[in-house]
Amino acid sequence: MIRFDVITIFPPMFDAISRHGVSARALERGLWQLRCWNPRDFAKDAYRSVDDRPYGGGPGMVMLAEPLTAALAAIAADQGAVGLARGPVIHLSPRGRPLTHRRVQELTALEAVTLLASRYEAVDERLVERHVDEELSIGDFVVSGGELPAMMLIDATVRLLPGVLNDERSARQDSFADGLLDCAHFTRPEVFEGVPVPEVLLSGHHARIARWRREQSLAATASRRPDLIARARRDGLLTPEDERFLAALAQSPGERQNETK
Ligand code: 4F9
């Protein structure tokens with residue numbers, strides 16, 4: 001079982017994953033644990049300050065190293081007291097390396113993961129240097145704090161834990177699980193605003209359906225994320241049949257307008 005310890009000045013934000021949806025149900029069923037730690041509780045002054053102005057001047061505030069260090073020490077002590085193998089301390093930051101499906105999969109094997117969800121413009125770099133193992137980004141954009149990115153990391157990890165999803169096949173067909181984007185999906189009605197469901201899906205021919213879905217994945221990935229095609233090729237995830245399909249796709253521009261959506 002995995003336990004997430006999160007340092008945040010807004011613990012109630014985490015109700016979003018502890019009280020709603022798949023992650024909440026898994027929490028209730030004891031498949032993972034969550035503890036939030038407020039750095040204000042580790043502040044040293046009467047105002048319970050967790051930030052201060054940057055040396056060198058400039059806009060914004062910087063999170064103080066000391067309350068964060070104290071919070072990290074308390075987390076490590078608590079994890080140790082209950083016998084958890086210490087996992088990494090991860091800071092969610094736009095300066096981090098991109099979070100990937102592979103890294104999420106690796107996290108599922110850990111007993112404890114500590115997340116620093118920072119606010120303000122930055123964290124004192126000495127704290128990062130000395131006490132953070134890894135900085136991870138969830139995309140090339142900035143949000144108002146690390147809480148949402150931290151919740152995304154937790155949610156992505158929890159849904160891969162055994163027993164969390166109703167059908168284990170769901171996680172396997174997700175985008176990125178096989179290095180490609182997921183295929184398109186359809187449900188009732190059979191005709192929507194004049195657009196019919198692709199005929200092959202009504203055929204009951206399982207091998208043809210599987211091939212069609214594979215080609216949908218390949219076409220969407222080639223058009224939207226050519227970087228993923230290159231990687232899948234490098235990782236040996238493309239069959240000769242896939243390669244023939246991609247070659248034909250490259251020969252027929254215009255027919256795939258839809259794929260540039
Ligand atoms: C963290 C943005 C991870 C993207 C943290 C403001 C962040 C972020 N990925 N933005 N605080």
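Counting starts at 1 for both ligands and their atoms, in listed order. Computed over heavy atoms, backbone and side chain alike; hydrogens, waters and symmetry mates excluded. It should be emphasised that the depicted structure is a prediction, and the values quoted were computed from it without experimental measurement.
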Does atom CZ of Arg188 have more than 12 heavy-atom neighbours from other groups under 6.0 Å away?
no
Taking only heavy atoms of Ser93 into account, list the atoms of ligand 1 that are under 4.0 Å away from them.
1 (C), 3 (C)
Has the side chain of Glu111 got a donor or acceptor atom that lies under 3.5 Å from a matching backbone atom of Leu84?
no
For Ile138, counting its heavy atoms only, list the atoms of ligand 1 lying under 4.0 Å from any of them.
3 (C), 4 (C), 9 (N)
Is the count of non-hydrogen atoms from other residues, nucleotides or ligands lying under 6.0 Å from Glu129 atom CD greater than 12?
yes
Answer yes or no: is there an ion pair linking Arg211 with Glu241, defined by an N-O contact shorter than 4.0 Å?
yes
Considering the heavy atoms of Gly139, write down every atom of ligand 1 situated less than 4.0 Å from one of them.
4 (C)
How far is atom 11 (N) of ligand 1 from the closest protein heavy atom, and which atom is that?
Gly145 C, 3.6 Å
Mark up the atoms of ligand 1 that fall under 4.0 Å of a heavy atom belonging to Phe141, in ascending order.
2 (C), 4 (C)
Considering only protein heavy atoms, which is closest to atom 6 (C) of ligand 1, and at what distance to one decimal place?
Val143 O, 2.7 Å
Side chains of Phe4 and Thr157 in contact at under 4.5 Å (non-hydrogen atoms)
yes
Under the 3.5 angstrom rule, does the side chain of Ser175 hit a backbone N or O of Asp182 as a donor-acceptor pair?
yes
If I apply the N/O under 3.5 Å rule, does Pro149 come out as touching ligand 1?
no
Is there any N or O on Leu92 that sits under 3.5 Å from an N or O of ligand 1?
no
Okay, side chain of Asp235, backbone of Leu237: is any donor-acceptor separation there less than 3.5 Å?
no
Using heavy atoms and a 4.0 Å limit, tell me yes or no: is Leu136 in contact with ligand 1?
yes
Do me a favour and list the nearest non-hydrogen protein atom to atom 8 (C) of ligand 1 with residue, atom name and distance?
Pro94 CD, 3.4 Å
